[in-house]
Amino acid sequence: MPDTVPIVAETVLEVVSPDGARRYIRVTQWPFLIGRGAETGNHLQLSDRRISRNCAAIVVEANKHYIEDRGQRRGLFINGEKVEGRELQDGDVITFGLDDSYEIIYRSSAGTADDSLPHLLTRIEHIASASSSSMDSGGSGGSLAKLDQLLAATALLHSQLPLDEVLGMMLDHAISVMDADRGVLLEADNKGALQVRLARRSGGLRLPPESLAPSQTAIQLAVRKQVAVITEDLAQADLDLQAAQSIVAQRLRAVVVIPLYATARAKVDESMSSLRRGEFLGVLYLDSRRPAAFSKLDRQLLDAFTDQAASILDNARLVVRERERQRLEQEINIARDIQQALLPRNVRDYPHLSVAGCNFPCLSVGGDYFDVFPLSDNRTAFLIADVSGKGLGAALLTTMLQGVLSGMTLGTDPARLFHHLNRFLCDHAEVGRYATMFFGILDENGSLEYINAGHPSPILIRRGIAEEAFTEGSFPVGLVPEAEYVATRIALQLGDTLVLFSDGVTEAMNPSEELFGVARLREVLTGQMETPLDQLQKYVLESVENFACGASQADDLTLLLVRYRATAATARTEARPETEALPTRSAASANA
């Protein structure tokens with residue numbers, strides 16, 4: 001393997017000494033040798049007698065970096081795991097089997113947008129080189145001190161300290177380098193409005209935000225033009241800045257305003273990408289009552305500081321968003337568990353009917369549900385519902401409806417209850433939801449009393465023939481305030497099976513955007529008059545799944561199967577069920 005290998009990623013090792021001191025080593029030679037002493041050609045020399053002279057090496061294969069154990073007596077560890085060799089990822093911590101020895105943190109810009117550390121070290125080298133002539137001419141003390149502060153700020157980027165403490169130290173460094181009286185970090189909220197995050201004065205003293213009046217004129221100018229506003233002497237500045245009320249009132253003479261932006265990557269073509277300005281994060285503001293004289297070095301250092309501050313703020317926002325995502329995911333999981341717990345579990349058969357059912361939300365939580373519950377020894381209620389929309393909003397309404405309808409066990413009349421539900425939802429239009437429902441009560445003699453509130457007609461399987469037999473109905477609850485709900489009665493025959501479903505079944509879509517449809521569902525159900533309900537449910541689900549061919553679905557899928565099996569019933573021979581309205585007034589016909 002040659003000594004030098006051209007690679008894409010820029011690599012830096014952050015070396016943490018046993019005393020906590022940090023230094024940064026740029027990796028420029030391959031293999032890069034690590035060990036005790038220089039006699040074996042080590043590029044990184046670690047002063048610990050417990051570390052072997054030939055300890056480890058970083059090598060390159062196919063533009064990827066690997067670390068190899070070259071003889072460390074106590075073993076080589078990556079993130080606490082002992083390894084012989086492994087590919088390195090950004091942030092990996094390399095140790096040597098010793099609790100009180102060196103740690104090496106691998107930093108690389110390969111494959112990520114966070115290349116701030118290698119980039120910053122490059123800038124430090126350029127700054128140091130550019131300022132070497134001034135150092136030689138007698139200004140080395142101040143320049144070296146400022147470079148030292150920049151190096152100290154560099155260590156903050158990957159610090160484990162609390163965020164506000166890191167930002168405060170960063171702001172202190174900026175105030176010191178600029179010799180300013182005070183500094184303010186303003187952070188942009190979700191709407192882009194600036195709020196004071198931190199305020200400091202020279203000497204590292206904290207300032208209360210209410211005591212500040214940063215120049216809004218200078219800030220707005222920097223944000224509008226998306227460039228830094230650096231005014232060394234306001235007496236010679238533009239008239240707008242000179243006349244700014246806060247500047248006059250506070251007798252300011254120097255102002256620095258630098259807008260902070262996240263760095264985002266924009267793809268240019270298949271082989272290369274370019275950096276562009278990302279999300280607006282906030283503003284770094286510094287001012288002084290004394291005229292300033294910013295050297296080229298000062299401006300370069302300030303640019304580097306603001307890059308650091310932007311990177312820290314950007315990382316902090318990502319952390320906050322990730323925590324919020326995890327919190328929301330946890331709450332959705334809780335909602336899903338509650339919703340699933342409210343569905344009938346291990347649906348039992350009743351003396352006069354058999355039941356099977358299932359519910360599959362297309363998201364974590366959904367707007368479909370079904371329920372089965374006894375009203376008395378010889379009457380059993382069952383229902384299926386589909387709330388408009390999906391997600392948490394629909395799930396909340398399904399839970400409310402389920403709670404209300406379960407109150408039917410106390411003897412409430414179905415039509416009266418549906419009128420109440422409809423009026424309640426229509427009176428709370430801001431909820432913005434409605435629900436289609438099919439509700440039935442089946443007694444031991446096969447008499448089925450039902451209300452269809454805009455739901456797709458269940459399929460009735462009688463003597464092997466599958467048909468839509470429930471044409472009477474009204475509007476969905478919560479849609480039309482004046483809707484009328486009237487119970488209708490039909491007589492079921494021994495062995496009749498009702499198949500209730502949500503539109504997630506009939507509107508399941510295949511890759512060609514064709515719908516499964518009612519006709520296919522009836523075809524699957526035809527001839528299935530004696531098939532056990534759990535097996536029949538499986539047939540329907542498999543048919544829908546095979547039809548969809550793996551295509552993503554946009555609707556919840558719910559099935560409820562009810563079979564009348566009364567032992568004392570008198571077999572009826574009518575080919576089609578006869579209907580009778582209760583009471584005698586006609587129901588509004590408006591199946592949705």
Side-chain angles (χ1 to χ4, degrees), residues 116 119-120 123 127 130 146 149-150 153 167-168 170-189 191-202 207 209 211-264 275-314:
S116 51
H119 175 66
L120 188 55
R123 296 184 68 172
I127 291 171
K146 291 180 177 181
Q149 289 201 39
L150 181 54
L167 292 173
M170 182 71 66
L171 192 54
D172 289 339
H173 288 309
I175 292 172
S176 179
V177 166
M178 294 292 100
D179 194 23
D181 291 336
R182 61 181 186 172
V184 183
L185 181 64
L186 298 106
E187 188 175 10
D189 61 18
K191 297 181 180 180
L194 292 171
Q195 306 292 333
V196 175
R197 177 67 183 262
L198 285 173
R200 316 278 279 202
R201 61 173 301 172
S202 59
L207 286 174
S211 68
L212 296 170
S215 171
Q216 294 300 317
T217 303
I219 291 174
Q220 292 171 12
L221 180 62
V223 172
R224 186 174 68 253
K225 293 187 174 181
Q226 298 186 356
V227 295
V229 172
I230 301 178
T231 305
E232 297 174 304
D233 189 350
L234 285 164
Q236 302 176 13
D238 294 339
L239 292 178
D240 288 344
L241 281 178
Q242 290 184 42
Q245 184 176 356
S246 60
I247 289 175
V248 174
Q250 298 174 85
R251 302 192 301 276
L252 300 179
R253 294 295 301 275
V255 169
V256 173
V257 183
I258 300 182
L260 306 177
Y261 295 91
T263 298
L275 292 178
R276 61 178 173 84
R277 180 168 289 163
E279 180 185 4
F280 176 61
L281 301 175
V283 164
L284 178 65
Y285 173 91
L286 305 167
D287 64 23
S288 174
R289 291 185 176 181
R290 295 165 284 101
F294 298 143
S295 67
K296 181 179 180 181
L297 173 61
D298 292 334
R299 291 174 181 260
Q300 290 176 314
L301 288 172
L302 188 59
D303 286 344
F305 273 119
T306 52
D307 283 351
Q308 288 284 77
S311 180
I312 292 172
L313 275 179
D314 194 22

Worksheet item: Are L221 and V257 close enough, and set up right, to give a side chain to side chain contact (heavy atoms under 4.5 Å, CB included), and what steps lead you there?
Response: CA-CA 9 Å; L221 180 62; V257 183; over 6 Å; no
Worksheet entry | Minimum heavy-atom distance P259-A222, with the two atoms named | CG-O, 3.9 Å
Worksheet item: Which heavy atom of V255 sits nearest a heavy atom of A218, and at what distance?
Response: CG1-CB, 4.0 Å
Discussion item. For a quick test of reading the model, state the closest non-hydrogen atom pair linking R182 to L207 and the distance between them.
Written reply: CB-CD1, 4.0 Å
Item to complete: Kindly compute the distance separating CD (Q226) from CZ (F280), expressed to the nearest 0.5 Å.
Response: 9.0 Å
Worksheet entry | Set of salt bridge (charged side-chain N to carboxylate O under 4.0 Å, His left out) partners for R197, sequence neighbours left out | D164, E187
Worksheet entry | Approximate separation, where rounding is to 0.5 Å, of D181 CG and S288 OG | 3.5 Å
Worksheet item: If you round to the nearest 0.5 Å, how far is CG of L186 from CG of L284?
Response: 9.0 Å
Worksheet, complete the sentence: Minimal heavy-atom distance between I175 and G183, with the atoms involved, is CD1-N, 3.4 Å
Item to complete: For a side-chain contact (heavy atoms from CB on, under 4.5 Å) with V184, tell me which candidate from V196, I219, V283 qualifies.
Response: V196
